[in-house]
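Lettering of chains follows the sequences in order, A, B, ..., and the numbering in each one begins at 1. Computed from heavy atoms alone, side chains included, the values below leave out hydrogens, waters and symmetry copies.
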Amino acid sequence: MKNTINNPFNSDLSYALYKTLLKRIPPIKFAPHLEDIVNLLTKALAKGELEVKVEDEFDQTQLKWPGWPESHLEALKKSGWTNNESGPIIFEDNCLSWRRWYEERNDVLKELFDRAKQNKTNCKETIVKFTQSLEKSLNQEQKQAVEAIENQHVIFISGGPGTGKTSTVLKMLERALLLSPDLRIGLAAPTGKAARRLQASLHKGIKTVDAHYQDAILKVSCSTLHKLLQSTQDGFGQNKQNPLNLDLLVIDEMSMVDLTLMKGLLEALTPSCQLILVGDPHQLPPVGSGSVWHYLHENKLPAHLEKSRVHLKKSYRNQGQIAVSSNLLKEKGLNSFFKLLFKSPKTSEVNLKVHICQQSTLPKKLLVQLHYHLNDLKVLTEKLIRKLPENIQSSREMGALEKESEDLFSCLDELMVLCPTRKGSWGVDAIHKAVLGKHFDEKVDQWPQGTPIMCCENLVDLELANGDIGIIMGERKNRWLVFQVMSEKKKLTTRLIHPARLKTISPAIALTVHKAQGSESNKLILLWPNHQSQCVQVNNNSSKKNTYDERLLYTAITRAKKKLDLFLISDI
DNA sequence: ACCGAAAA
């Protein structure tokens, strides 16, 4: 039953659920419209949405019975399925939702809001001294966040890429340690890659912190949320009975946390634990059901939360036209974005190029650029392997080879190719097939040297995370997978890994936008296959789809540091 | 229609 609710990917499952409901909770008065309601709710849940808005319109493919929404609501009312305490469906604020998810979300929000109500008190003198030292390094919004640590029990920090979220967190940790030096701090993120990135940027900025507190911050290790909570198949090892021994916990990349994980987290906290939640509400929601972070930013919240919320607006990344259009997308939506795109910009630096393609075969320009890029990588791997000593051990540190390895990885960071989907003529797989040719269906050992690859599992002892990108180097017996990892000494080092040690790897010549979340490159090529359909669908039920596409596009283009090539398919 | 994540 639980799985049917979690994975309702086709209408058969939705129909099965409907039949089960009819059997288990027979309607007081039956009407066929009930099937539509179950179907809509199931489909919404499949998309990660917990509710269906009554004011949304649906067409005949989504509804079997006429009279939406009045007839459906009446059928629901008479069925008794929305009865207090027992009915499976909730109808409130013009929204329909499953009781199970409705209650879970309300519980989580209530818990969060109650926590935020608690007050903290601190010694005034130390604060004054610290506040003076803040003046130089932080802007007004960032200072507000740092000051919140003094008396807010829960702090929400939102902001786009380059707004200094982590450097603000670093100053918050410093201040927290100043107030109580023995503070037990925890750091976590929803994915292995995000966890490591948080740790790395705290290390990078550590010099801005008073030397007295540096060690205390550096010694905190940053793990995935699942690991922190000791997640197993039967639930979380850290829970109400066995809470985390922490006074302060920082969670980064909150946009990827779903409801179940958030619930587990809140249950594992002691009442006194302070919470700092950090993330960008414009990025993609989690695939699982219920994005707490997006909900918190799209809905009216209790007044007492105002002091807990800090939004960082100022971006320190200057990207000319890329910055202008991504801001427009964020504020005005897809249509305005595409309108601006087709006017040639005069005012800011032109670093965004649009290519309109006639058919849906892969653009030739893309394949040519990839060809050169992969060749560069190949040359650099050959250079690196020639410098390699004999009898090398896997996982060794590179020592004198750092320069060659640095060249290789800066070349890798130069270009990123993104697609919204895996399948389809403009999907990631199509690009891999086009580039790898006959090698596509073969094993890794057949892929050519210089091919970028992605590690698809978290391997803590190898210091590799899911989503890490490396390169194939060498041939046959002398073949290695080269990665850059954060070593125990918190230094970026090159690591050679024997191909047999990684069970799940995939080519990484192109990536899905989802996978690229958190990565950046100087130059970005984005294939966006269906822009015209979005410009046409303005007012029907596509508002939710549009927010999804908006976030997808926003996430994609903000990966570009210097240049963006956007490929679109022409409407003709 | 499409897109993940984590753990043992």
Phosphate OP1/OP2 of B:dA7: any A:Thr224 side-chain N/O under 4.0 Å:
yes
Sorted by chain and residue number, the ring-ring contact (aromatic ring centres under 6.0 Å, His included) partners of A:His439 (sequence neighbours excluded) come out as none
note: A:Leu225, atom CG; B:dG4, atom C1'; distance rounded to Å ~ 16 Å
Whole-Å distance, A:Leu511 CG to B:dG4 P, equals 10 Å
Hits for side chain to side chain donor-acceptor pair (under 3.5 Å) against A:Asn458, two or more places apart or cross-chain, chain-then-number order -> none
By salt bridge (Lys or Arg N to Asp or Glu O under 4.0 Å), A:Asp107 pairs with (sequence neighbours left out) none
Residues in residues 417-426 of chain A with a heavy atom under 4.0 Å of DNA chain B, by number, are A:Pro420, A:Thr421, A:Arg422, A:Lys423
Rounded to whole Å, CD of A:Gln230 lies from P of B:dA7 at a distance of 12 Å
Out of B:dA6, B:dA7, B:dG4, minimum distance to the side chain of A:Lys227 belongs to B:dA7
Here the distance between atom C1' of B:dA7 and atom CZ of A:Phe236, to the nearest Å, is 10 Å
Note to self: Is the phosphate of B:dC2 approached by A:Thr512 (side-chain N or O, under 4.0 Å from OP1 or OP2)?
What the structure shows: no
Residue pairs meeting salt bridge (charged side-chain N to carboxylate O under 4.0 Å, His left out), one or both in residues 234-251 of chain A, sequence neighbours left out, come to A:Arg184-A:Asp247
Side-chain atoms of A:Tyr548 come closest, of B:dA5, B:dA8, B:dC2, to B:dC2
*asked:* Students often get this wrong, so: under 4.0 angstrom with heavy atoms, is A:Gly427 touching a base, only sugar-phosphate, or nothing?
replied: nothing
Sorted by chain and number, sequence neighbours left out, side chain to side chain donor-acceptor pair (under 3.5 Å) with A:Arg422 holds for none
A:Asn466 atom CG is separated from B:dA7 atom C1', nearest whole Å, by 13 Å
Open item on the list: Quick one about A:Asn522 and A:Glu414 (side-chain donor to acceptor, distance below 3.5 Å, no hydrogens or angles considered), yes or no?
Closed with: yes
